[in-house]
Amino acid sequence: MNALPAPAPAAGAGMDKRFDPASYEGKWQAWWDEQDLYHCPADPEGEGPAPYCILIPPPNVTGKLHMGHALQSTLQDLVTRWRRMRGDNALWLPGTDHAGIATQLMVERHLEERGSSRLELGREKFVERVWEWKREYRANIRGQLQRLGASCDWSRERFTLDDGLARAVRTAFVSLHREGLIYRGEHMVNWSPVLRTAVSDLEVESREVEGTLYRLAYPLEREGEEEEGGAADGGEELVVATTRPETMLGDTAVAYHPDDERYRRLAGRFARLPILGRRLRLVADEHVDPEFGTGLVKVTPFHDPNDYEIGRRHDLPGVRAIGLDGRMTAEAGPDFEGLDRFEARRRVVERLEAEGRLVGSERHVHSVGHSQRSGEPVEPMLSPQWFADVSGMAKEALAAVEDGRIELIPSSWNKTWEHWLANIRPWVISRQLWWGHRIPAWYDPDGGCHVAMNREQAERLAGTAELTRDPDVLDTWFSSGLWPISTLGWPDEEAADLRTWYPTDVLITGSDIIFFWVARMVMLSQHFRGEVPFRTVHLTGLVRDADGEKMSKTKGNTLDPLELVEEYGADAIRFTLAVLDVPGRNIPVDLERMAGYRAFGNKIWNAVRFALARTEGAIVPASAEELLGGDLAAPERWILSRLEATAAAVDGALEEFRFDRACNSLYRFFWHELCDWYIEFAKPALSGRAARPRTAETLLFAIDSSLRLLHPAMPHLTEELWQRLPRAEAGESGEPAPRSISLADYPLGDGGLAAPDVERGMDAVVAAVQAARSLRRERNLPAAAGMSLFVEDGEAEIVAFVVEQAPLLAAVAGVGKVAAGRGPDEAVRDRSGGLNLAFEVEAPAMSEAEKARLAKDLRKIEAEIAGARGRLSNPGFLEKAPPHVVEGNRARLAELEERRAAMIETLGNP
RNA sequence: AGGCCCGUAGCUCAGUUGGUUAGAGCGCUACGUUGACAUCGUAGAGGUCAGCGGUUCGAGUCCGCUCGGGCCUACCA
């Protein structure tokens with residue numbers, strides 16, 4: 001191996017006092033890339049380390065990474081780095097999505113700005129143009145991910161329109177078609193007049209709209225009146241209610257509920273459509289709500305999904321009154337032809353009013369489906385499209401979550417999952433766009449349709465070369481739905497990657513695309529592989545601003561991850577996002593908090609700087625055993641025990657994808673145990689004032705382990721610092737250290753370092769230190785003022801432990817003397833850490849403020865004593881509460897009484 | 001209309017199967033700088049856990065209702 005040397009300075013070199021992430025983040029990103037550290041070998045026979053795989057939710061190729069991507073990428077990278085350090089063959093497979101509508105719109109807009117258009121270029125040239133854009137933007141996404149420290153295997157980068165993926169798409173299409181699950185038909189679909197394409201139900205979002213409910217009077221034909229076009233004036237009128245009067249031009253019937261007594265007599269009769277004079281059948285249909293409006297519904301089979309169903313049930317004709325461009329057709333009559341549908345609405349109302357057919361109108365709030373991409377109301381439209389019947393696959397997907405083969409995190413999504421899949425409807429998979437996977441279907445001159453992998457096959461099937469290819473492309477989500485199998489090599493069942501990594505392990509994505517994407521992947525992957533595509537789905541919340549508001553460009557509260565990288569460093573962003581990821585909650589990104597985690601980086605930087613400067617000559621011990629062999633004193637055993645507990649907590653939290661807990665444990669340990677206490681305890685030992693065995697090695701060991709624990713969350717900082725740690729020369733003892741911290745072992749918390757007794761003792765020492773400091777502060781004693789501590793009572797072992805650790809108390813609390821036994825009467829007494837403490841101080845008398853505080857504490861303690869006594873004298877509690885709880889209460893009561901006695905004694909002193 | 005989630009310190013949020021004293025970060029107050037870090041340290045203040053009722057020896061935690069906020073799905077022409 002001729003690895004490039006790590007770009008960091010040699011161990012022991014002086015560190016800049018200034019903590020500046022920009023000075024090293026880019027350097028390490030480049031080095032990781034050069035070293036090709038994250039390339040994963042396929043291992044189809046399963047001979048090497050356990051496989052682990054995460055597939056990136058492919059960002060839109062023309063997009064720019066936003067905070068949601070930053071969040072998800074951070075978590076994916078965190079898991080990948082963690083599994084890699086645990087020894088797995090951990091693959092994070094990157095890629096991008098061609099994003100049909102979004103990308104096409106973007107390029108069209110661009111052309112428009114240049115006075116050109118898609119139609120002017122023509123299909124072929126336009127698609128070529130989009131490919132150019134794609135090439136330009138793909139590099140952007142990659143660069144942005146790298147700036148966040150992503151450890152993807154870039155050699156496996158995929159794009160949803162790659163040859164391999166295109167083959168997967170065609171194979172899936174042909175196969176589903178052969179199974180009868182994909183079919184072409186003319187059905188009611190959501191049509192976007194702006195995009196001029198059909199969109200699926202999921203691409204329609206309903207918005208509350210304040211509209212008008214118009215009441216229209218349709219003349220009823222006289223009974224027995226048979227001939228078409230007969231007059232109907234002077235007779236009865238039927239009043240129907242509608243929010244879309246323009247659709248009346250496409251009416252072919254009026255419906256009422258079959259049980260509606262008011263209208264049953266109308267069976268078999270006809271009404272006359274105002275303006276156009278069309279004859280309308282009267283039909284009885286269950287769908288009509290007799291309570292709403294007049295209980296009569298105008299029926300427009302071609303422009304309303306419910307009316308379409310009514311039309312089918314009653315074999316009604318349909319009239320296409322609105323065209324694909326959202327304008328009225330010739331069928332709508334010469335007065336309206338060519339008008340935009342909303343203009344037509346105004347004109348129709350005017351006209352009806354003039355004809356006396358408008359009998360009322362009222363404001364009416366209702367929800368209207370809008371095209372998610374283009375924003376305008378969708379037009380329900382009868383249109384020939386390709387559909388996928390996914391009901392069978394949906395059942396399987398439902399079962400996978402129900403029986404636990406797939407775990408959704410948080411599980412509160414289970415019900416939503418179930419509800420959607422149980423009520424799934426056919427999926428419109430064709431789009432009238434140019435950018436995407438073209439549907440592999442060809443038509444012969446007789447209109448016969450031939451679905452095949454390619455033109456040659458289709459020609460063979462058709463027996464003619466005179467074929468025209470279907471112009472439509474597939475819904476983008478059809479190809480993303482195949483992502484778990486297509487990226488790994490399917491349809492080649494023997495593909496090495498597929499055999500190595502399928503099924504993948506965890507999917508980390510936003511909950512907003514659970515149906516668009518997650519459900520489709522589960523359905524399609526299970527269908528073609530007979531196995532779930534991933535075992536766990538970690539659904540993240542939405543990234544919000546610090547006030548919990550949704551980020552949006554119009555509100556101007558968006559954050560750009562790359563700008564944040566410049567200001568705070570990638571590691572601070574990663575840590576912030578990871579610590580805020582609590583299952584089931586949104587992620588309120590607070591920049592002050594991010595600044596706090598940048599400060600955490602500074603803390604780590606300086607702790608290492610301190611350690612390197614003060615442990616000259618020492619090296620990181622090769623193992624915990626070696627270190628323990630050195631007859632360590634209490635502070636060393638304590639910090640190692642705490643390190644062990646932290647490692648176990650972090651690893652456990654990561655197993656459950658509780659990134660917040662993992663990060664909080666690390667933060668607390670590094671800052672509040674290692675820095676606040678251990679380093680302070682180590683100072684006198686390192687300076688030789690109170691030497692202890694192997695303090696330097698212990699500190700280096702704790703730092704080395706901490707950096708490894710922190711690495712998945714903060715890869716740059718930890719690499720930078722870890723490379724500086726002094727180690728044995730290669731060959732001197734055991735294996736050489738890996739090239740990069742990202743290849744080092746992850747501490748698991750099973751190193752035999754736990755020392756519960758030492759922890760109990762140290763807890764008492766810490767409590768005594770805090771009591772001393774508190775007293776000093778309370779009485780305004782200068783740091784230099786002498787202070788002695790008498791440990792008057794407590795568990796014998798703990799008392800002895802604290803007395804033995806007198807040098808620590810001296811070093812961090814200025815306590816000159818620590819002894820067991822009764823202190824002077826005038827000492828200040830406290831009960832802390834299970835010990836009765838008496839501090840002898842040369843102090844002015846207690847201040848009024850201190851007296852007041854003590855009195856307040858005393859009241860609180862007395863209330864608590866009363867509570868504990870109450871519980872302990874309650875027979876129900878004694879009988880039913882578990883013994884350890886009762887015991888805990890007894891101990892607590894005793895403790896409180898000791899504490900109260902100490903306080904009363906202190907209050908009694910002058 | 002149905003389903004889901006949330007309401008805890010000034011702010012943003014933790015709080016594992018109900019169990020003794022409800023935590024963190026930021027902010028706030030006071031004090032502190034002869035070399036790890038002022039991107040710091042020490043000591044503090046601050047909460048009737050939205051409200052009401054219930055289950056229980058015991059409820060922030062479980063159940064019901066009310067109020068407030070958010071999300072998802074479906075839909076009323």
Side-chain angles (χ1 to χ4, degrees), chain A residues 15 17-19 201-202 206 213 240-244 247 255 287-289 291-293 296-300 304-307 364 366-367 369 410 412-416 418-420 423 511-512 514-515 541-542 544 546-548 550 579-580 582 584-586 588-593 595-614 656 658 660-661 664 667-668 672 675-676 679-680 683 770 773-778 780 782-783 812-813 853 860-861 864 867-868 871 874-882 884-893 895-896:
Chain A
M15 281 172 67
K17 179 174 173 179
R18 212 169 76 91
F19 164 63
D201 295 342
L202 284 174
S206 60
L213 185 65
V240 299
T242 181
T243 53
R244 299 198 57 197
T247 61
H287 170 259
V288 181
D289 176 5
E291 304 293 315
F292 189 89
L296 286 173
V297 182
K298 61 188 266 317
V299 182
T300 320
D304 181 279
N306 291 310
D307 292 5
H364 181 66
H366 61 138
S367 46
S412 51
W413 283 102
N414 287 7
K415 279 203 172 176
T416 311
E418 189 187 313
H419 181 258
W420 191 74
N423 296 292
S511 51
D512 51 334
I514 184 168
F515 302 131
L542 255 54
R544 303 296 187 102
D547 302 320
K550 210 169 186 166
V579 86
L580 290 175
V582 177
R585 289 195 82 118
N586 289 325
V589 175
D590 182 351
L591 293 182
E592 285 184 4
R593 192 151 179 186
Y597 291 120
R598 186 182 195 275
F600 181 44
N602 175 67
K603 190 76 182 174
I604 297 168
W605 178 269
N606 278 291
V608 174
R609 195 162 73 91
F610 168 82
L612 291 179
R614 301 283 288 275
E656 295 175 350
R658 286 304 302 259
D660 58 324
R661 288 185 185 162
N664 276 320
Y667 183 93
R668 193 183 336 248
H672 298 302
C675 291
D676 287 354
I679 286 185
E680 294 309 315
K683 280 176 182 173
Q770 283 171 333
R773 284 172 177 165
S774 184
L775 181 63
R776 215 177 266 286
R777 183 87 260 224
E778 200 77 66
N780 226 351
V812 305
R853 191 177 67 78
K860 224 172 119 184
I861 284 164
E864 235 186 279
R871 272 190 294 278
N874 179 344
F877 176 72
L878 295 174
E879 262 172 52
K880 295 185 183 173
H884 74 273
V885 173
V886 176
E887 221 15 76
N889 269 271
R890 288 220 175 87
R892 175 70 188 156
L893 179 59
E895 174 71 25
L896 287 167

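Just so it is clear: chains get the letters A, B, ... in the order the sequence lines come, proteins before strands, and each one is counted from 1. In this text, all values refer to a predicted model and were calculated from it rather than measured experimentally.
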Write down the protein N/O and nucleotide N/O pairs, taken from nucleotides 53-60 of chain B, whose separation is under 3.5 Å; answer none if there are no such pairs.
| unit_1 | atom_1 | unit_2 | atom_2 | d |
| --- | --- | --- | --- | --- |
| B/C57 | OP1 | A/K880 | NZ | 2.0 |
| B/C57 | O2' | A/N874 | ND2 | 2.9 |

Restricting both atoms to N or O, compile the protein contacts to nucleotides 3-10 of chain B shorter than 3.5 Å, with distance only.
| unit_1 | atom_1 | unit_2 | atom_2 | d |
| --- | --- | --- | --- | --- |
| B/C4 | OP1 | A/K415 | NZ | 3.1 |

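For A/H287, there are no ring-ring contact (aromatic ring centres under 6.0 Å, His included) partners at least two apart in sequence or on another chain. Legend: residues meeting side chain to side chain contact (heavy atoms under 4.5 Å, CB included) with A/N414, ordered by chain and number and at least two apart, are A/V401, A/L408, A/S411. Judged as a salt bridge (charged side-chain N to carboxylate O under 4.0 Å, His left out), and not counting sequence neighbours, A/E418 has no contacts. With sequence neighbours left out, the side chain to side chain contact (heavy atoms under 4.5 Å, CB included) criterion links A/R244 to A/T242, A/E246, A/T247, A/I322, A/R345, A/E379, A/P380. Taking the side chain to side chain contact (heavy atoms under 4.5 Å, CB included) definition, one finds that A/R598 meets it with A/F19, A/P21, A/Y568, A/A572, sequence neighbours left out. Scanning for salt bridge (charged side-chain N to carboxylate O under 4.0 Å, His left out) contacts around A/E592 gives an empty result, with sequence neighbours left out. Among residues two or more places apart in sequence or in another chain, the side chain to side chain contact (heavy atoms under 4.5 Å, CB included) test is passed with A/R853 by A/S774, A/E778, A/D857. In terms of the salt bridge (charged side-chain N to carboxylate O under 4.0 Å, His left out) criterion, A/E656 has no residue partners (sequence neighbours excluded). For A/N602, the side-chain hydrogen bond (donor to acceptor under 3.5 Å, both in side chains) partners are A/N606, not counting sequence neighbours.
Salt bridge absent: A/R892 and A/E895 never bring a charged side-chain N and a carboxylate O closer than 4.0 Å.
Close to B/G15, at under 4.0 Å from its OP1 or OP2, lies a side-chain N or O of A/R661.
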Legend entry - Pair assignment for RNA chain B - dot-bracket with | for other-strand partners, Watson-Crick or G-U under 3.5 Å: (((((((..((((.....[...)))).(((((.......))))).....(((((..]....))))))))))))....
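Within 4.0 Å (heavy atoms only), A/R892 reaches at least one base atom of the nucleic acid.
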